[in-house]
Amino acid sequence: MSTRTHPSLRLEKVTPATVDAALDLRVHPHQEQNVSPVSRSLAEAYAFGDAAWPRLIFDGDRLVGFLMAFLDLPWNEKKDPTDRRSGLWRLNIAADVQGKGYGRFAVEAVRDELRRRGEQRLYVTWAPGDTGPGAFYERLGFRTTGETSGDQVVGVLDV
């Protein structure tokens, strides 16, 4: 699903007019252990400033999801202070519209934004296990790096 085949899909900044709808967005209850709520993401976006890129996903007038990318963040400063990465920090797709391509659209939108910014790779982390989103990311071409970030698997996609 891309904007070329679905012109009604778009990303928008969170605004005073859309913040309440963003805060009300809910994933499936069984996914809540795998992804933080939008409220936490917006707090992190505020704290991280220009390094965070939060966006709402709309299909026409309907809010269907939220994503947040991270841009040029230090990855593991203790191990390698020069290792800076960009990628998908958060992805929340509304419970009642999952499986319709919105997650794929979100990943492609972040990939396109990183490509526009001159990045070579898109990183993502996910909770391991059967209830985590690993299979989704692998279907989109992400490969595991062998690293972990906290208790999460690290994946990478060439952009």
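The model shown is predicted, which means the values in this text are computed figures rather than measured ones.
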Residue R117 excluded, over 12 heavy atoms near CZ under 6.0 Å: yes
Salt bridge R26-D96, side-chain N to carboxylate O under 4.0 Å: no
Side chains of L11 and W53 in contact at under 4.5 Å (non-hydrogen atoms): yes
For the student: nearest non-hydrogen atoms of A127 and N34, plus distance: CB-OD1, 3.4 Å
Close aromatic pair by centroid cut-off 6.0 Å: W75 and Y123: yes
same_hphob_cluster(Y137, L122) at 4.5 Å side-chain heavy-atom cutoff: yes
Neighbour count >12 (heavy atoms, 6.0 Å) for atom CZ, R115: yes
Side-chain heavy-atom pair L157, L140 within 4.5 angstrom cut-off: no
Contacts of E147 that satisfy side-chain hydrogen bond (donor to acceptor under 3.5 Å, both in side chains) - sequence neighbours left out: R85, T145
Value rounded to 0.5 Å, distance of OH in Y102 from CZ in R62: 7.0 Å
Test item: V107 and F142 side chains (from C-beta on) under 4.5 Å apart, heavy atoms: yes
Rounded distance (nearest 0.5 Å) linking atom CE of M68 with atom CG of L88: 9.5 Å
hydrophobic_cluster_shared for L9 and V110, side chain cutoff 4.5 Å: yes
Audit row: E113, R55, side chain to side chain contact (heavy atoms under 4.5 Å, CB included) steps and yes/no: CA-CA 12 Å; E113 179 65 19; R55 295 294 184 270; over 6 Å; no
F58 reachable from I93 in the ILVMFWY side-chain graph, under 4.5 Å edges: no
Which atom of D50 lies closest to which atom of L71, heavy atoms considered: O-CD1, 3.8 Å
Heavy-atom closest pair, residues S149 and T125: CB-CG2, 3.9 Å
Note, V27 side chain near E32 side chain (heavy atom, < 4.5 Å): yes
Minimum heavy-atom distance V154-T148, with the two atoms named: CG2-C, 3.8 Å
Minimum side-chain heavy-atom gap V64-F105 below 4.5 Å: no
From CH2 (W126) to CG (D151), nearest 0.5 Å: 13.5 Å
Interatomic distance, D72 atom CG to R84 atom CZ [nearest 0.5 angstrom]: 4.5 Å
CG-CG distance between L63 and L25, expressed to the nearest 0.5 angstrom: 5.5 Å
Hphob cluster co-occupancy, W89 + L56, side-chain heavy atoms under 4.5 angstrom: yes
Whether R116 side chain and R111 backbone form a donor-acceptor pair below 3.5 Å: no
Closest non-hydrogen atom pair, A45 against P54: CB-CG, 3.8 Å
For the student: nearest non-hydrogen atoms of Q120 and G118, plus distance: NE2-O, 3.6 Å
Salt bridge (Lys or Arg N to Asp or Glu O under 4.0 Å) against E119, all qualifying residues, sequence neighbours excluded: none
Donor on one side chain, acceptor on other, E12 and T18, under 3.5 Å: no
Distance (rounded to the nearest 0.5 Å) between I57 CD1 and N92 CG: 8.5 Å
